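Let me begin by presenting the structure, written as structure tokens, before commenting on it.
No experiment lies behind these values; they were computed from the predicted model shown. Letters A, B, ... mirror the listed sequences (proteins, then strands); counts begin at 1.
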There are 2 protein chains.
Amino acid sequence: MNLKELATRLGLSPTTVSRALNGYPEVNEATRERVMAAAKRHNYRPNTRAIRLATGRAMAVGHVIPLATRHEIVNPIFADFIAGAGETYSRNGYDMILSVVPDESEDQAYRDFKSRGSADGVILHAPRMDDPRIPLLHEIGMPFVVHGRATGATLPYSWVDVNNRRAFQRATEFLLDLGHTRIGLVNGLEFMDFAIRRRKGYTDALTARGLPIDPSLMSSDEMTEVSGYRAAVTMLAGPNPPTAFLVASMISGMGVRRAIEERGLKMGRDISVIIHDDDLSYMKNGGDVPIFTATRSSVREAGRIAAEMLLDIIATTPDQPRERLLEAELIIGQSTGPAPGRA
Amino acid sequence: MNLKELATRLGLSPTTVSRALNGYPEVNEATRERVMAAAKRHNYRPNTRAIRLATGRAMAVGHVIPLATRHEIVNPIFADFIAGAGETYSRNGYDMILSVVPDESEDQAYRDFKSRGSADGVILHAPRMDDPRIPLLHEIGMPFVVHGRATGATLPYSWVDVNNRRAFQRATEFLLDLGHTRIGLVNGLEFMDFAIRRRKGYTDALTARGLPIDPSLMSSDEMTEVSGYRAAVTMLAGPNPPTAFLVASMISGMGVRRAIEERGLKMGRDISVIIHDDDLSYMKNGGDVPIFTATRSSVREAGRIAAEMLLDIIATTPDQPRERLLEAELIIGQSTGPAPGRA
DNA sequence: TGCGCCATCCAAAGCGGTTTGAGCGTGATT
DNA sequence: AATCACGCTCAAACCGCTTTGGATGGCGCA
């Protein structure tokens, strides 16, 4: 059933039927109702392909996922972000299109979205320092919202981000207050913007208390269980091991815990651990009393917010970029306690 | 730059240019090369919206993700599957479109794909027993491939699946060979098809050795860290606790490990654990010697295979359904050893 | 009575490709 | 020399919708 058929069935022109369905004012209310009823009865759905061609809009938002040839990996955080964003898209009649490409052709993927007209805007994931994709998107004139921020970017851009610096600063202060002075940082890859900010929060807090920055207590790697484990093993084996860890994710936190327990120590008593918790749906940080003390911020919620921002930008093309900084909450769990020999 | 412009620039008709670019035989080779060169020079990309309308094909594959209102969750396995499938799609010029919807409107999502013409086929995720989506897709005439199988389905369908029964049977036998006779099953939700098959593999192996099936050693829940932990805690607290666990996923395996270590036991020595490892990119099971002994099967690879199968079905509309059963390998890690009081 | 103004509806022209059905030279065939 | 087939190219229709720019007719008002 298409527009034309529906129109002839009703003895009306396609024009009128289209207008009736799309709520234009120049159609009689009685006619409109008749059309609506008929549309429902015949289960008419306008063909999206035709709408897209006619209106020149794709009614779709693109997400480019570079394929893990080297560092980056399809990470679990991405899945939750997508879920949040996707929810917003379908509520607004937009499609979400994912483009999984080898990372050397990421640029081309964005260009194609534009030149082939398959997306009205994109979300930029995992921004790095001086991210080259920002000037690229400016150049090709594609609306976008960054999930995170890009330190060093000179062009304006819209973003949604967690206050990573502040979160890690607070977490560090919390550990310091508990008497810990040797705190290991198990960070994500430090060419990623969020990791840079987290380190800053950590060092800022230490410096503010007059404590030295010890490079041997700072590691940076992918946020996997194994790399969390390795980093903790290394630090714990040092001459002057940390009594606490600040860890970039729940998953690497599990590796850290494994390293701690393997040494016969108990997390929360002998060694304190604070993780950053993205509040992933399949990786809940306990229930009643969380396993990990954590800085928590829902990445799914961030997805929702970023998607709303993008749709708004597509609809209104504002000349000022939009910005939204989300604060992480510090939630207390079982993994932290006073520094040994203090309490 | 569109077709018409390119055509006038070349002094040719749109027809000829279109044919030249699409490899039709009735165009002079010299002309074709001239056209190709010009297309590249002007960076011409055909507008997908127009192609889609003209050809009647969407050049896109849909994936419906029901939003976790109750049980189902956006699981990490999904992310890797998507990555594998997406890779195949973009290599073949297809788009991947994700539709995130409340689970009560999942049906409508499939219907919309069809009636609005936005997808040429879909992948069906997480099939359950007697899955109603299979008759639905048959009814609306949408090509599809199931990731997994649907016990109880009467209509034919194409699928890609891991031999879950066999994997868990082998794993159980392996534990039995090590002298374990009390083996706890920490399974996924048992209305999911894969979980049913895994349980069957487990019970089959026990029965074959004349061992009883003890319901108190079988649990079924979401595959999260916390639920793995809870299940293991419960079983270990029983009067006659298991000496080994068979666990549905890496994540729940971590919960099981936590429960074991919390009791002061050591995994691999006091208690053996075998997990199913989906070989997720951000959740690698160790390196040199894997942490967990595991039945392993790459879900990403499954994504690739399922996508290829679907594209083939879309292209050829075979009348026989296609089927592909992948075998999981049993890899030995550090988490298994002889039953206590044996070796 | 005549005029202008709404309210309502419609014909037709896009949107940017693909595809059908001809047309037009040219060289081979009869 | 007339015919034919073939190789190449093109004009135009079409995909299913939106949108522009009229038409038409009824009504109020002078």
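- For residues 55-64 of chain A, the set of pairs meeting the side chain to side chain donor-acceptor pair (under 3.5 Å) definition, not counting sequence neighbours, comprises His63(A)-Tyr89(A), His63(A)-His125(A).
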Identify every side-chain donor-acceptor pair in residues 314-323 of chain B under 3.5 Å, counting partners at least two apart or on other chains, and give the distances.
unit_1, atom_1, unit_2, atom_2, d
Thr316(B), OG1, Asp312(B), O, 2.9
Arg322(B), NE, Asp312(B), OD2, 3.0
Arg322(B), NH2, Asp312(B), OD2, 2.7

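- Summarising the geometry, the separation between CZ on Arg52(A) and P on dG14(C) is reported as 24 Å, rounded to the nearest angstrom.
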Below 3.5 Å between N/O atoms, which protein atoms pair up with nucleotides 21-26 of chain C? Just atom names and distances, please.
none

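- For the salt bridge (Lys or Arg N to Asp or Glu O under 4.0 Å) condition, the pairs that include at least one residue of residues 130-158 of chain B, sequence neighbours left out, are Glu106(B)-Arg133(B), Arg111(B)-Glu139(B), Asp131(B)-Arg133(B), Arg149(B)-Asp161(B).
- Closest to the side chain of Leu12(A), from the set dA11(D), dG16(C), dC10(C), is dC10(C).
- At whole-Å resolution of the value, CE in Met1(A) and P in dC15(D) are 16 Å apart.
- At least one side-chain nitrogen or oxygen of Asn22(B) sits closer than 4.0 Å to the OP1 or OP2 atom of dT18(C).
- In this structure His138(A) satisfies the ring pair (Phe, Tyr, Trp, His ring centres under 6.0 Å) test together with Phe144(A), sequence neighbours excluded.
- Panel note: side chain Ser158(A), backbone Val145(A); no donor-acceptor pair is recorded below 3.5 Å.
- With rounding to whole Å, Arg49(B) atom CZ is found 14 Å from dG14(C) atom C1'.
- Each salt bridge (Lys or Arg N to Asp or Glu O under 4.0 Å) pair with one or both residues in residues 40-54 of chain A, not counting sequence neighbours, appears once here: Arg45(A)-Asp112(B), Arg52(A)-Asp95(A).
- In the set dC17(D), dT19(D), dG17(C), the nucleotide with an atom closest to the side chain of Tyr24(A) is dT19(D).
- For Ser13(B), the side-chain atoms get nearest to dA11(D) when compared with the rest of dA11(D), dT18(C), dT18(D).
- With sequence neighbours excluded, no residue forms a side chain to side chain contact (heavy atoms under 4.5 Å, CB included) with Thr8(A).
- Which of dG17(C), dC15(C), dT18(C) sits closest to the side chain of Asn47(B) comes down to dG17(C).
- Side-chain N or O atoms of Ser298(A) include none that pairs as donor or acceptor with a backbone N or O of Asp279(A) at under 3.5 Å.
- One interatomic measurement links the two molecules: CG of Leu3(A) to P of dC15(D), which rounds to 13 Å at whole-angstrom precision.
- In this structure a side-chain-to-backbone donor-acceptor pair under 3.5 Å is present from Tyr157(A) to Ala150(A).
- Here Ile51(B) lies in heavy-atom contact (under 4.0 Å) with sugar-phosphate atoms only.
- Atom-to-atom, NZ of Lys4(B) to C1' of dT18(C) comes out at 14 Å; the value is rounded to the nearest Å.
- Following rounding to the nearest Å, Arg9(A) (CZ) and dG16(D) (P) show an atom-to-atom distance of 15 Å.
- Nearest nucleotide to the side chain of Glu26(B), out of dT18(D), dC8(D), dC9(C): dC8(D).
- Checking dG17(C), dC9(C), dC15(C) against every side-chain atom of Leu53(A), the shortest atom distance belongs to dC15(C).
- A straight line from CD of Glu5(A) to P of dC15(D) spans 11 Å, rounded to a whole angstrom.
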Name every donor-acceptor pair, under 3.5 Å, that has one atom in a side chain of residues 303-310 of chain B and the other anywhere in the protein, sequence neighbours excluded.
unit_1, atom_1, unit_2, atom_2, d
Arg304(B), NE, Glu301(B), OE1, 2.9
Arg304(B), NH1, Glu87(B), OE1, 2.8
Arg304(B), NH1, Glu87(B), OE2, 3.3
Arg304(B), NH2, Glu301(B), OE1, 2.9

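- Every side-chain hydrogen bond (donor to acceptor under 3.5 Å, both in side chains) that Thr16(A) has, sequence neighbours left out, goes to Ser13(A).
- Taking the salt bridge (Lys or Arg N to Asp or Glu O under 4.0 Å) definition, one finds that Glu29(A) meets it with Arg32(A), sequence neighbours left out.
- If you measure from atom CG of Leu21(A) to atom C1' of dC17(D), you get 11 Å, rounded to the nearest angstrom.
- Between Thr16(B) and dC10(D) there is a side-chain polar atom (N or O) within less than 4.0 angstrom of OP1 or OP2.
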Sub-3.5 Å pairs of nitrogen or oxygen atoms, protein against nucleotides 4-6 of chain C:
none

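- Non-hydrogen atoms lying under 4.0 Å from DNA chain C are contributed by Val27(A), Asn28(A), Thr31(A), all within residues 27-37 of chain A.
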